[in-house]
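We're numbering straight along the sequence, starting at 1.
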Amino acid sequence: MPQFLFCVPQALGRMAWHPLLLLPFLLAAASGNTAPIFNMTLVYVPEDLPIGAIAFSLSAYDLDGDPITYDITGEDSFYFKVDAQTGVVTLKNLLDRESKAKLDIFVILSDGINTAVTSRLTIIVDDRNDNAPIFQYLPYETSVLENTTVGSIIYTVFANDSDTGSAARVSYSIQEVIPDTTKNQWLFYILSNGSVVLNNSLDYTMNTFFQLKILAQDGGGMLGNQTVIQNSSTYLSIAVIDVPNLDPRFLNEPYSGSVPEGCPVGTTVLTVTAMDRDIGVNDKISYSITNASAPFAINDTTGTITVRQLLDREQLPSEEVLLEVMARESNLDIYGNVAQASTLVTVLVTDVNDNKPQFYQCSFSNCDFNDTQSNFTGSIVEHSSSKVPVSNLNIVAHDPDKGINGTFELYLQGASASAFTVSPTRIVGTGEVQILVQNPSAVDYELTHVMVVQLIANDTGNPTDCCSTATVTIDIIDTNDHIPEFPQSSYNLRVPENSPDGTVIANITAYDPDSGAGGQITYYLLPESIQDIFMVNATSGVVMVRNGSLLDRELRSVYYANLQAKDGDNMTGTTLLEITVLDENDEKPVIIGSYFISVEEGQNVSTQIRAIDNDEEGTPNSELGYRIVPGLYSNNFTINQITGEMHSIEPLDREAVDDDEGQLVVTVEVYDHGVPQQSTMVNVTITVADVNDNTPVFLQQSYEFFVFESSDGSFVGEVMATDADRTEINSRISFQLERSTGSSNFLISSFRLGPGNYSGRLFLDPDVSVDYDTMQDKFFSLVVLAENTAADNAGNVANVSVRVNILDVNDEPPTILPSSLEGVSVSENGTQQGVIHTVVASDPDTNHSLVFEELSVACYKGGSSAGEVCWDWFVLLPNGSVLANSLDIDYELCDVVLLTMRVEDLYTQKGNQYSQNETLQIQITDINDNAPIFLPVTGTFVMVPEISPVDLQVATVKATDADSGLGGTIFFSIISVVFVQEDGAKRPFENLFKVVTSADQDGYTGSIQVASNLDSSLKGKYQVTVEARDSAAPQHATQTTLNIFTVDQSYRIHLQFVTTVDEVQSNLESIRVALTSATKAGVYVAAIRSYEDSRATQVQPKSVMEVYFVYSNGTALDVNQLSLLIHSDPLVLANLINLGLAVIGPGEVTEPSKEKQMIGVIAGLAAFLVLFILIAILALVLTIRSYKRKLSAMKALKAATTLSPAVVQGAGIPGTNKYNAERANPMLNLSLDPSHDLGFHEETSSVASINSLDENKVDSPKEDNFKAQRGSPHPTDSTEDEALAAALNMKDPPKMAYINTAFNTTDL
């Protein structure tokens, strides 16, 4: 392609650049080439694309077919990398749609000809299901009233999913309900919006809390080329609040007690206890007895029943008093009704022997026992037979006491007591009493018409009030002669009890010798009271049973009757009938007393069943036997079949009794041995009093609960324990926490679930905050104690281990671990690619998602900012990986990269989601990839071999190495030394110089020093090749060649002083200063010695100073130049004269070397004679020429003042040190360039020529002024003219520059 060169004048520079901008376009248009065309505007990239995968391809075309190169830029190009040739774009850093859903990059297209084309490309990050639903506003806790309506929403949870589409649609389900029962599984359900609904009625008595494990699940979506469903779970804690909806309940029903009659008023019978079934309400209970007429009262607070009035068992309708007790809560229930319950209490009033037997005048069958009698009257025929009862008495004796307390004895007292006896002599309870004739002879009408006896009833069990007395008056009836006579005076008759009416007992007839009416016998049965039971056939004398139902041997076993035989004259004969009622086994055994036994468990029961059989004593009919009727507890007892003593086989266990009240009933059958056998059943009710002999037992071996951190006062869980003891007091359980690490963070409350069933509800202490992140162990190991609190036997304790897992709430900011920010280094030049380091962040929260974010990049080199050079060297990935992203990492540009970053927790629920900003320091480690570089030498190295001792520094080199460490440590060495003579001949030397390496702030310095004595006669320069080599592998070396110019002895100048050597030595510094001031050159004193020349001069010197005057640019002064410079400065000249300077002369010729001396001696010996002659002639000629030259110089000086500017100067200006530009300086062969000023002004001396080789006398300067009187035959340069004028007038001429291309040691 043609190239064009434009020259723009400087004056138009600022205006010309505007058209230049259009130049490429004009050229392209002129050539017909078009720029590439890019037609892409939008692409889609999935957010789960892995690093290195192809994201998309850039597509562009060029109408000219030129190859296209691609590049991308922009802030979002951070995520991508493009292949410049193919346009394939791969992922460089991970994408996250939730952080940035749309990216914009700029695509740069270039065909290498036209200006690059830049186009915007929008990249849409396609969502993938990479986020699980996250529950918000944790923890979830609520409380629900027990009577909450079914179908009510009790709580609403919410989980958010950052994805889109179906992956963002969250559905909810209940995974678990704690406590885990079949009923509870269906107690709640959850709606699609997260609302938890009550599905059934709550019952506080069944469960006081629930924990629901709720699962949030998204609708699924693509992730990693497969469909993925994300989910998360949390817990909802529900506390049930009890409401008063239940009536109270009596404990330990049924209630029964006993109290003896006659006990003091206020005696405690028993205590009833009721409790509010609404445990969480626990309303106050009051008690009352509904049947107010009962002789008992109840304490309305404690439920204790006491005796209200004096008890008399005999006056009560029944010895068992039935009370109805009402328990009422102090507050109305939720329905506005009175919450109450009732129970029946049976109080047995036991008998006390507090009554004595009394006598009543009535028949036994219809006696009401209202009116007692103490006087009875009867009659009997005199001389009645023994055992004949007194007629018309109707005496009944009665003791209202029960059982043995109602047993009493009967006997007679008084004067006539011996004539009669009483029957029966012992009565239990009630009996009919007869007075019988005991001594018939004593019953004699002729002795007394009336007989009186005292009937005594004695209760032997009541010694204080034992007896009752009745007076029985017996009228004696007189009898007549020739009475009918019975064969026997008495008859013992027998009749079975319960005999049918009309049963013939006996046929008894009397004999009456009388005849006629006197002999006709009519039979009568007396007394009349016996006629209700028996009768006699008046004609035949057959004795029969009139009413067999009244024959009850148990009421009366013997009847005494008089059988009268009356003739027509009413003459009566009698015989005694003793009718014994024969026993029939018609009576069942009668149980004496009731058998309610109370005994504490763990004890044996022993009792005796007492019974009587009213059948005839001593017969099988009254002989009793005892046996236990088979039943639930019959095998636990044994009974003596004869005595009725019953014993328990082993101590009783209350917990083995099924009855809630601890009552067990054993039925005992009491039977006789008669035929048919009669028996009676009696229940022995044994109330086993509960003893606290059981330790509480937990329902599970261990418990595990979950609770969120920082949920102060939250419900944690419930432990349950049972106590097998059957009473409320003994089965009551109290829960407490055993002191241990972490136990102070919890509280526990006890709740009664049922008889012997209690729960301990565990809560977090509302005053203590639990922090998941500060806990070393994320759980608490607790020991819950279940203790029975019965007052009589406290201390039964069970324990269970409880593990409380603390669930994390994402409330802590993430932290970048400081240890992961240390020790990161990367070698330069892209030798390390990919992940070079991973920064580690931690978050004490368990459910966290940490993403690293790069905040800034800083570049430093040597502690100073290196700008933006390293900004694209490294990339921080969201996972904390640091990638080396460039091949341009260069230690020499930047040695420290500081990446400032932070970490974000995407799952933060509360608090700060960002970590503190941290800085990752990446040390760029050096690779020895740079060779040492010599720094340019600005000066010229000059040395005077004559005064250059060993170790003198004659030159220096400086070098730097951009590497560090050993790679940047430089050592110098001399490779070669070559001396280049005037004629160009080269001569190598060894060990002539050495180099000493030293380090300084700017690099390394090599000091070139003299290593051995130098030959001061050599004229030329030393070419010293120096190598700088670093110290690390692979080593790099660089060489440079130095030119060290030598100043030979031809430039040694003798300064003669009129002072002594010592004085010169003492004034040396002042002399040096004055010379330096005049010459601006370095003054090198070779020697100070005494003056030994014997030639006569105007001034006699005493000492000589041999001096070199050398400039830093390599030039040196000869004697003429020195003289000119000193004379040009009057002050310096005067100062030097004061210091003793007398003559400025050339230096002595350098003595030849020994080799040359030997050659010279040999050659000289041959021509000694010739030379001697020539020397003599030469001395004469030289003397003449010397005077001529001085004369010529004076003339030339005068002529110089008259030169016209048009005259051209010749090769030199006679008498001066000035030369035109066409000639070379004989001393240096150099033009006098002002940029290489020798440090003095060239002035023309009008005193004397300084070009002569003889000695010059130093005279005081003249003030003669010369003027040109005639024109020069040659044109004169104006500058020369100005130089002469300046020399004459001591003014500074204008400086000019000259170039000398042939500088060598000869010039020096």
Verify whether one side chain among [X] and [Y] offers a donor that lies under 3.5 Å from an acceptor in the other.
| X | Y | result |
| --- | --- | --- |
| T925 | S827 | yes |
| D104 | T122 | yes |
| T208 | E718 | yes |
| D895 | Q923 | no |
| S173 | Q175 | yes |
| S171 | Q217 | no |
| D163 | N131 | yes |

Tell me if the centroids of the rings in [X] and [Y] come within less than 6.0 Å of each other.
| X | Y | answer |
| --- | --- | --- |
| F158 | F135 | no |
| Y44 | F56 | no |
| F780 | F746 | yes |

Search all heavy atoms of [X] against all heavy atoms of [Y] and return the closest pair with its distance.
| X | Y | value |
| --- | --- | --- |
| R128 | P46 | NH2-CB, 3.3 Å |
| S781 | F779 | OG-CE1, 3.3 Å |
| I68 | D62 | CD1-N, 3.8 Å |
| L883 | N93 | CD1-OD1, 4.3 Å |
| V903 | P814 | O-CG, 3.4 Å |
| V240 | R761 | O-NH1, 4.5 Å |

Original post:
Just wondering, more than 12 heavy atoms not from N225 lying within 6.0 Å of its CG?
Top reply: no
Original post:
Just wondering, more than 12 heavy atoms not from Q916 lying within 6.0 Å of its CD?
Top reply: no
Subject >> Presence of salt bridge, R97 and D130, under 4.0 angstrom >> reply: no
Subject >> Stepwise side chain to side chain donor-acceptor pair (under 3.5 Å) check, N810 with D905 >> reply: CA-CA 9 Å; N810 197 328; D905 186 355; 2.8 Å; yes
Original post:
Less than 2.5 Å separating the SG atoms of C859 and C870?
Top reply: yes
Original post:
Quick one: does NZ or CZ of K778 land under 6.0 Å from the six-membered ring centre of Y772, within 45 degrees of the ring axis?
Top reply: yes
Original post:
Only one of I72, D71, V43 forms a side chain to side chain contact (heavy atoms under 4.5 Å, CB included) with L58, so which one is it?
Top reply: I72
